[in-house]
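Computed from a prediction, not measured in an experiment: that's the story for all the values here.
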Amino acid sequence: MLKDFKPVLSILLRFIIIYLVLLFAYQFFLNSCKGTGLDSFSRIIANQVSWIQNKIGYPTELYDDIKNDQVWFYVKNVYATRMVEGCNAVSVMILFVSFIFAFYKGTKTFVFVFIGLVFLYGMNVVRIVGLNIVQTDHQEYSKMFHDFIFPAVIYGSVVLLWLIWIKFFALKNENS
């Protein structure tokens with residue numbers, strides 16, 4: 001009976017191992033950034049968000065809050081939002097990568113993961129820009145967008161990528 005579940009258990013075990021390895025590696029990275037303010041990856045995203053907002057007519061400056069490990073977006077003369085480690089979508093990316101590698105299919109797995117990570121990174125930057133615009137121009141909707149709309153966008157993007165991977169790559173030969 002266990003033989004029937006071997007493929008599913010194999011995929012599940014690969015997912016768990018990859019997820020835990022990536023999670024511990026990321027936690028090690030975060031621990032190495034302690035006391036320096038916002039981690040370097042989140043800071044890169046904050047700088048890119050600021051650059052985009054400045055280009056599209058939302059004058060933005062960044063203010064470091066090293067003690068609280070965050071950066072504030074000062075948009076149109078208002079402290080609109082703050083960037084913390086959780087805003088960088090790395091946890092979502094780890095989940096994405098773990099799932100894709102659980103259904104490993106050779107070299108195309110690496111290509112798909114790279115393209116998917118670039119896509120998710122871009123979606124996250126757009127998400128933060130959108131949140132700053134909503135917070136600046138339509139503050140009455142900020143909680144709804146922060147808590148529901150934008151998480152649905154980023155997690156929906158992950159699910160869409162998973163479905164594409166499964167349908168067109170992981171199960172392609174099995175469905176033929």
Side-chain angles (χ1 to χ4, degrees), residues 10-54 60-75 79-132 135 145-166 169-170:
S10 173
I11 289 169
L12 186 59
L13 185 61
R14 274 186 288 192
F15 173 82
I16 291 169
I17 290 170
I18 294 166
Y19 180 78
L20 289 175
V21 166
L22 292 175
L23 190 65
F24 286 130
Y26 181 55
Q27 190 58 53
F28 179 77
F29 165 74
L30 290 177
N31 289 343
S32 72
C33 298
K34 281 286 185 215
T36 62
L38 191 62
D39 65 277
S40 56
F41 186 72
S42 299
R43 183 170 300 284
I44 290 168
I45 293 171
N47 287 328
Q48 290 171 339
V49 167
S50 176
W51 182 85
I52 290 169
Q53 289 176 188
N54 282 313
T60 303
E61 295 178 43
L62 299 176
Y63 287 98
D64 285 319
D65 183 357
I66 293 173
K67 184 179 103 176
N68 294 315
D69 295 330
Q70 62 189 4
V71 170
W72 285 90
F73 290 100
Y74 188 69
V75 184
Y79 286 102
T81 62
R82 63 191 174 99
M83 175 85 175
V84 296
E85 175 272 324
C87 299
N88 64 19
V90 169
S91 60
V92 174
M93 293 177 193
I94 288 172
L95 200 59
F96 165 74
V97 169
S98 301
F99 181 84
I100 300 302
F101 274 104
F103 291 90
Y104 182 78
K105 294 293 180 185
T107 307
K108 62 184 167 185
T109 308
F110 290 95
V111 173
F112 191 83
V113 163
F114 176 76
I115 292 168
L117 288 175
V118 169
F119 176 73
L120 290 173
Y121 184 91
M123 288 299 292
N124 190 52
V125 169
V126 169
R127 177 185 73 88
I128 297 168
V129 169
L131 184 59
N132 282 330
Q135 182 67 24
F145 273 82
H146 180 272
D147 294 352
F148 303 109
I149 305 296
F150 288 129
V153 168
I154 198 75
Y155 284 108
S157 298
V158 170
V159 170
L160 177 67
L161 289 169
W162 284 348
L163 291 173
I164 290 169
W165 175 251
I166 292 299
F169 298 99

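Taking the six-membered ring for Trp and the full ring otherwise, the centers of F101 and F110 sit less than 6.0 Å from each other.
Here I66 contributes atom CD1 and L38 contributes atom CG; the two are 10.0 Å apart, rounded to the nearest 0.5 Å. Atom CG of N124 sits about 11.5 Å away from atom CZ of F119, to the nearest 0.5 Å. To the nearest 0.5 Å, atoms CD (Q135) and CD1 (I128) are separated by 13.5 Å. Taken to the nearest 0.5 Å, the CZ atom of F73 stands 5.5 Å off from the CG atom of L62. Of the inter-residue distances, the one linking I11 atom CD1 with L13 atom CG reads 11.0 Å to the nearest 0.5 angstrom. Expressed to the nearest 0.5 Å, how far CZ of F169 lies from NZ of K108 amounts to 7.0 Å.
Every residue was checked against the side-chain hydrogen bond (donor to acceptor under 3.5 Å, both in side chains) condition with T109, not counting sequence neighbours, and none meets it. T81 meets the side-chain hydrogen bond (donor to acceptor under 3.5 Å, both in side chains) test with N132; sequence neighbours excluded. Qualifying side-chain contact (heavy atoms from CB on, under 4.5 Å) partners for D65, counting only residues two or more places apart in sequence or in other chains: K67, N68, Q70, W72. Partners of Y63 by side-chain hydrogen bond (donor to acceptor under 3.5 Å, both in side chains), not counting sequence neighbours, listed by chain and number: E61.
Pairs engaging residues 40-54 under the salt bridge (charged side-chain N to carboxylate O under 4.0 Å, His left out) rule: R43-D64 [sequence neighbours left out]. Screening residues 113-125 for salt bridge (charged side-chain N to carboxylate O under 4.0 Å, His left out), with sequence neighbours left out, gives no hits.
Here the shortest heavy-atom pairing between V75 and A80 reads CG2-CB, 3.9 Å. The shortest non-hydrogen separation linking D39 to C33 is CB-SG, 3.9 Å. Nearest heavy-atom pair, R127 versus C87, reported as atom, atom and distance to 0.1 Å: NH2-O, 3.0 Å.
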Would you list the atom pairs, donor with acceptor, under 3.5 Å between side chains in residues 89-97 and any protein atom, with sequence neighbours excluded?
none

Pairs under 3.5 angstrom only: tabulate donor-acceptor contacts from the side chains of residues 17-27 to other protein residues two or more places apart or in another chain.
unit_1 : atom_1 : unit_2 : atom_2 : d
Y26    : OH     : E85    : OE2    : 2.6
Y26    : OH     : N88    : ND2    : 2.9
Q27    : NE2    : N31    : OD1    : 3.1

For residues 145-165, tabulate all N or O donor-acceptor pairs below 3.5 Å that involve a side-chain atom, not counting sequence neighbours.
unit_1 : atom_1 : unit_2 : atom_2 : d
D147   : OD2    : K143   : NZ     : 2.5
S157   : OG     : V153   : O      : 2.8

Checklist entry - Do V125 and I45 pass the side chain to side chain contact (heavy atoms under 4.5 Å, CB included) test, and can you show the C-alpha distance, the side-chain angles, and the key distance before you say yes or no? => result CA-CA 7 Å; V125 169; I45 293 171; 4.2 Å; yes
